[in-house]
Amino acid sequence: MLRERVVTALLMLAGLLAAVFLLPTSGWWGACGLLGLAAAWEWAGLFRLPSAVRWGYGLIVAAAVVAFAAIGSPAIDAALFALSALFWMLLAPPWLKQRWRIAEGAVLPLLLGLVVLLPAAVALARLREVNVWMMLAVMAVVWVADIAAYFGGRAFGRRKLAPEISPGKSWEGVYAGLLGVLIYGVVVFSVWMPMVPQRFGWPVTVMLLLVLSALSVIGDLFESLLKRQAGIKDSSALLPGHGGVLDRIDSLTSTLPLVALWVLVWRLASQ
């Protein structure tokens with residue numbers, strides 16, 4: 001299993017870097033649309049919707065991602081990213097605490113999927129247009145938090161974070177993830193992106209890193225809750241050794257839109 005996971009991870013990284021650096025802008029929009037299609041197909045599967053609905057929903061999300069990316073309206077982008085930020089910061093925490101279940105049917109799950117998936121895919125499309133390296137640096141925040149939390153939890157984990165949702169996660173793992181992100185952020189912002197602390201100051205920069213780390217945990221737990229309620233381990237078997245696309249982007253769905261909103265506000269304020 002470890003070998004399979006490593007091989008799949010390397011292939012995914014190679015595919016991501018190839019798409020990021022080789023595709024034209026319209027091609028990148030298409031790649032983000034395909035990501036949205038796969039994630040939406042898995043999302044509908046979490047609620048046991050029929051195959052035709054799953055594929056139709058995936059195609060709708062993919063088309064919406066490309067359309068929003070192509071329109072390029074700051075007002076529309078701001079509304080989309082703000083909706084996502086409000087959901088993850090205000091609604092998702094009590095949802096996890098109370099472990100709410102979505103009512104049976106297709107309407108509510110598919111509407112919620114739009115709130116979770118569409119802003120993240122559009123943010124991915126938009127951030128690459130702003131700065132490729134910044135986009136990768138932001139994605140790396142989530143990866144660093146996840147890796148540090150895994151090893152920190154394995155080494156020191158004692159107190160369970162949310163045993164009813166994800167028994168393997170611990171508070172010690174969360175603290176290790178926060179520490180890893182802070183170390184990573186200090187290095188990145190000191191060496192490659194000094195304009196961020198110069199613009200906001202180090203206290204605000206550290207706060208932003210901590211917020212992103214916390215949101216990455218919330219995004220991870222939220223998908224874990226939906227999978228537990230659906231009675232499945234992985235969102236699909238599309239990625240050998242890793243499960244599905246949703247299993248790999250759960251933390252990005254809660255972080256990328258907020259970063260895209262910050263960047264949008266920053267650019268508008270600088271004009």
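- Across every non-hydrogen atom of Val20 and Arg128, the tightest pair is O-NH2, 2.6 Å.
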Worked check of side-chain contact (heavy atoms from CB on, under 4.5 Å) between Met135 and Leu256: CA-CA 9 Å; Met135 182 195 75; Leu256 286 180; 5.6 Å; no

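- Looking at Arg228 and Pro167, their side chains come closer than 4.5 Å, going by heavy atoms from C-beta outward.
- Ring pair Tyr57/Trp43: centre-to-centre distance not below 6.0 Å.
- The shortest distance between side-chain heavy atoms of Arg248 and Met12 falls below 4.5 Å.
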Working for side-chain contact (heavy atoms from CB on, under 4.5 Å), residues Thr205 and Val186: CA-CA 9 Å; Thr205 300; Val186 168; over 6 Å; no

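- The two residues Val65 and Gly33 make their nearest non-hydrogen contact at CG1-N, 3.9 Å.
- Counting only N and O atoms by type, the side chains of Asp220 and Ser251 include no donor and acceptor under 3.5 Å apart.
- Following chains of ILVMFWY side-chain contacts shorter than 4.5 Å, one can reach Ile71 starting from Leu83, so the two form part of one hydrophobic cluster.
- Side-chain atoms of Arg101 never come within 3.5 Å of backbone atoms of Leu226 as a donor-acceptor pair (strictly under, hydrogens ignored).
- Side-chain contact check for Leu110 versus Leu49: some heavy-atom pair is nearer than 4.5 Å.
- Using a 4.5 Å heavy-atom threshold, the side chains of Val211 and Thr255 count as separate.
- Ring pair Trp143/Tyr184: centre-to-centre distance not below 6.0 Å.
- Across every non-hydrogen atom of Ala162 and Leu221, the tightest pair is CB-CD2, 4.3 Å.
- Shown here for Leu261 and Ala78, the closest heavy-atom pair between the two residues is CD1-O, 4.0 Å.
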CA sep, side-chain torsions, deciding dist, call: Ile218, Leu96, side-chain contact (heavy atoms from CB on, under 4.5 Å): CA-CA 8 Å; Ile218 291 173; Leu96 290 172; 3.9 Å; yes

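- Taking the side chain as every heavy atom from C-beta outward, Val259 and Met139 never approach each other to under 4.5 Å.
- To the nearest 0.5 Å, the span separating CG on Leu124 from CG on Leu35 amounts to 6.5 Å.
- Annotation for Gly180 and Ala148: closest pair CA-CB, 4.2 Å, computed over non-hydrogen atoms.
- Between Trp100 and Trp95, the angle of the ring planes lies from 30° to 60°, which puts this pair in the tilted group.
- Side-chain rings of Trp55 and Trp41 approach one another, their centers coming within less than 6.0 Å.
- Separation of atoms CZ (Arg99) and CG (Leu225) is listed at 8.0 Å; rounding is to 0.5 Å.
- Residues Glu172 and Arg158 are not paired through a salt bridge, judged by the lack of any N-O separation under 4.0 Å between the basic side chain and the carboxylate.
- Within the 3.5 Å criterion, the main-chain N or O of Ala237 finds no donor-acceptor partner in the side chain of Asp234.
- Residues Leu46 and Leu246 are in side-chain contact: their nearest non-hydrogen atoms beyond the backbone lie under 4.5 Å apart.
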ring-ring contact (aromatic ring centres under 6.0 Å, His included) evaluation trace for Phe21 with Trp133: CA-CA 10 Å; Phe21 290 107; Trp133 293 108; 5.3 Å; yes

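- Under the 4.5 Å side-chain criterion, counting only non-hydrogen atoms from C-beta, Leu212 is in contact with Trp262.
- With rounding to the nearest 0.5 angstrom, the OG atom of Ser190 is 3.5 Å from the CH2 atom of Trp202.
- A side-chain donor-acceptor contact under 3.5 Å links Glu129 and Trp29.
- The cluster map of Ile, Leu, Val, Met, Phe, Trp and Tyr, joined by side-chain heavy atoms under 4.5 Å apart, puts Leu182 and Phe151 in different clusters.
- Leu37 and Val66 end up in different hydrophobic clusters when Ile, Leu, Val, Met, Phe, Trp and Tyr side chains are linked at under 4.5 Å.
- For the pair Glu223 and Val116, the minimum side-chain heavy-atom distance is 4.5 Å or more.
- No more than 12 heavy atoms of other residues, nucleotides or ligands lie within 6.0 Å of OH in Tyr150, so this atom counts as exposed by the packing criterion.
- Counting non-hydrogen atoms of neighbouring residues, nucleotides and ligands closer than 6.0 angstrom, the CZ atom of Arg154 reaches no more than 12 such neighbours.
- Linking ILVMFWY residues whenever their side-chain heavy atoms come closer than 4.5 Å, directly or via other members, places Leu127 and Trp192 in the same cluster.
- A single hydrophobic cluster is not seen to contain both Leu11 and Leu34; linkage of ILVMFWY side chains at heavy-atom distances under 4.5 Å, directly or through other members, places them apart.
- Panel note: side chain Ser84, backbone Pro119; no donor-acceptor pair is recorded below 3.5 Å.
- To the nearest 0.5 Å, atoms CG (Leu258) and CG (Leu86) are separated by 10.0 Å.
- In this structure, the separation between CG on Leu118 and OG1 on Thr253 is 12.5 Å, given to the nearest 0.5 Å.
- Of the N and O atoms on the side chains of Lys227 and Ser224, not one donor lies less than 3.5 Å from an acceptor on the other residue.
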Check against side-chain contact (heavy atoms from CB on, under 4.5 Å), Glu42 and Asp247: CA-CA 10 Å; Glu42 292 179 351; Asp247 299 322; 5.7 Å; no

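- The two residues Arg126 and Phe68 make their nearest non-hydrogen contact at NH2-O, 3.1 Å.
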